[in-house]
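Every heavy atom of this structure was used, including side-chain atoms; hydrogens, water molecules and symmetry mates were not.
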Amino acid sequence: MSEQSLRHLEVRSDVLITSVLRPGLRAPAGRAHRIPKIRGRAQEVAAMTTWRRWQDWVVVGLGVVLFVTPFLFGETANSVAASTAYVLGALIALAGVLNAAMKDAGGLELIPAVLAVILFVSPWAFGFSALTGLAWAAWIISILVVLTVGSLFAMQNRRTMAS
């Protein structure tokens with residue numbers, strides 16, 4: 001090969017390398033490689049993918065807090081109240097982890113909300129509303145879970161309106 005053709009090949013390979021490394025330059029096939037910039041609400045929505053929704057992690061945290069509440073208030077002697085806190089706390093935490101593992105928030109987000117409604121009614125249904133520590137913890141945590149799940153649905157509605 002002649003020196004001129006080698007120089008042409010070197011320049012050609014440099015162009016290919018720079019076109020791959022620098023977005024915005026023309027690609028060899030004639031297509032531009034541009035990375036769209038995301039700003040505002042779209043950036044917030046793009047960040048909400050698997051394991052990144054803060055609402056799911058708040059639900060997990062509230063489930064863990066509910067699970068340890070009988071120990072914190074020292075009311076483990078009442079087996080009905082304590083077992084209600086253990087079971088519903090574990091189920092709410094597991095539902096939060098399940099929802100965090102999902103890429104898109106779907107109908108499974110209703111599971112923590114339904115468990116929170118059951119939790120809210122449980123002091124009256126299971127007869128431990130006189131145990132003020134566990135009853136108030138159940139009421140407060142259930143309201144916080146419903147508000148957290150509701151904020152996720154509000155974010156979904158904003159996302160569908162923005163699209």
Side-chain angles (χ1 to χ4, degrees), residues 20-24 27 29 31-163:
V20 172
L21 296 178
R22 295 183 193 161
R31 288 177 274 152
H33 288 285
R34 297 189 195 278
I35 299 172
K37 296 193 178 191
I38 301 173
R39 293 186 177 94
R41 291 258 185 244
Q43 184 177 16
E44 180 182 334
V45 170
M48 294 182 65
T49 58
T50 308
W51 303 107
R52 292 187 146 191
R53 288 185 297 268
W54 63 268
Q55 292 95 340
D56 297 329
W57 294 111
V58 169
V59 169
V60 171
L62 290 170
V64 169
V65 168
L66 180 63
F67 187 85
V68 300
T69 299
F71 298 112
L72 294 176
F73 290 115
E75 296 185 12
T76 56
N78 187 341
S79 63
V80 173
S83 62
T84 300
Y86 299 147
V87 170
L88 287 175
L91 288 175
I92 288 172
L94 287 175
V97 170
L98 174 70
N99 289 328
M102 297 295 179
K103 183 176 181 182
D104 295 325
L108 293 178
E109 291 293 335
L110 290 175
I111 294 172
V114 169
L115 291 171
V117 169
I118 294 169
L119 177 64
F120 190 83
V121 176
S122 67
W124 295 295
F126 299 130
F128 64 91
S129 59
L131 299 173
T132 56
L134 289 179
W136 276 101
W139 295 325
I140 291 170
I141 290 174
S142 63
I143 289 171
L144 291 176
V145 168
V146 168
L147 288 176
T148 304
V149 171
S151 75
L152 182 62
F153 282 119
M155 298 274 296
Q156 281 180 334
N157 288 341
R158 251 190 274 157
R159 180 174 39 194
T160 56
M161 287 181 183
S163 300

**Message:** Are the side chains of K103 and R52 in contact, using a 4.5 Å heavy-atom criterion?
**Reply:** no
**Message:** If I take atom CZ from residue F128 and atom CG from residue N78, how far apart are they, to the nearest 0.5 angstrom?
**Reply:** 8.0 Å
**Prompt:** So, do L98 and M102 sit near enough that their side-chain heavy atoms are less than 4.5 Å apart?
**Reply:** yes
**Prompt:** Of the options V114, I111, L115, which is the one that meets L91 in a side-chain contact (heavy atoms from CB on, under 4.5 Å)?
**Reply:** L115
**Prompt:** From F126 CZ over to S79 OG, what is the distance, rounded to the nearest 0.5 angstrom?
**Reply:** 12.0 Å
Got a list of side-chain donor-acceptor pairs under 3.5 Å for residues 131-149, not counting sequence neighbours?
{"unit_1": "W139", "atom_1": "NE1", "unit_2": "F120", "atom_2": "O", "d": "3.2"}
{"unit_1": "S142", "atom_1": "OG", "unit_2": "A138", "atom_2": "O", "d": "2.9"}
{"unit_1": "S142", "atom_1": "OG", "unit_2": "W139", "atom_2": "O", "d": "2.8"}
{"unit_1": "T148", "atom_1": "OG1", "unit_2": "L144", "atom_2": "O", "d": "2.7"}

**Request:** Indicate yes or no: at least one non-hydrogen side-chain atom of I92 is less than 4.5 angstrom from one of L119.
**Result:** yes
Would you tabulate the side-chain donor-acceptor contacts of residues 60-73 under 3.5 Å, counting partners in other chains and residues two or more places apart, or write 'none'?
{"unit_1": "T69", "atom_1": "OG1", "unit_2": "V65", "atom_2": "O", "d": "2.6"}

**Complete:** Separation between CZ (R53) and CG (N99), nearest 0.5 Å, reads 7.0 Å
**Asked** Which residues pass the side-chain contact (heavy atoms from CB on, under 4.5 Å) test with L110, sequence neighbours left out?
**Response** F153
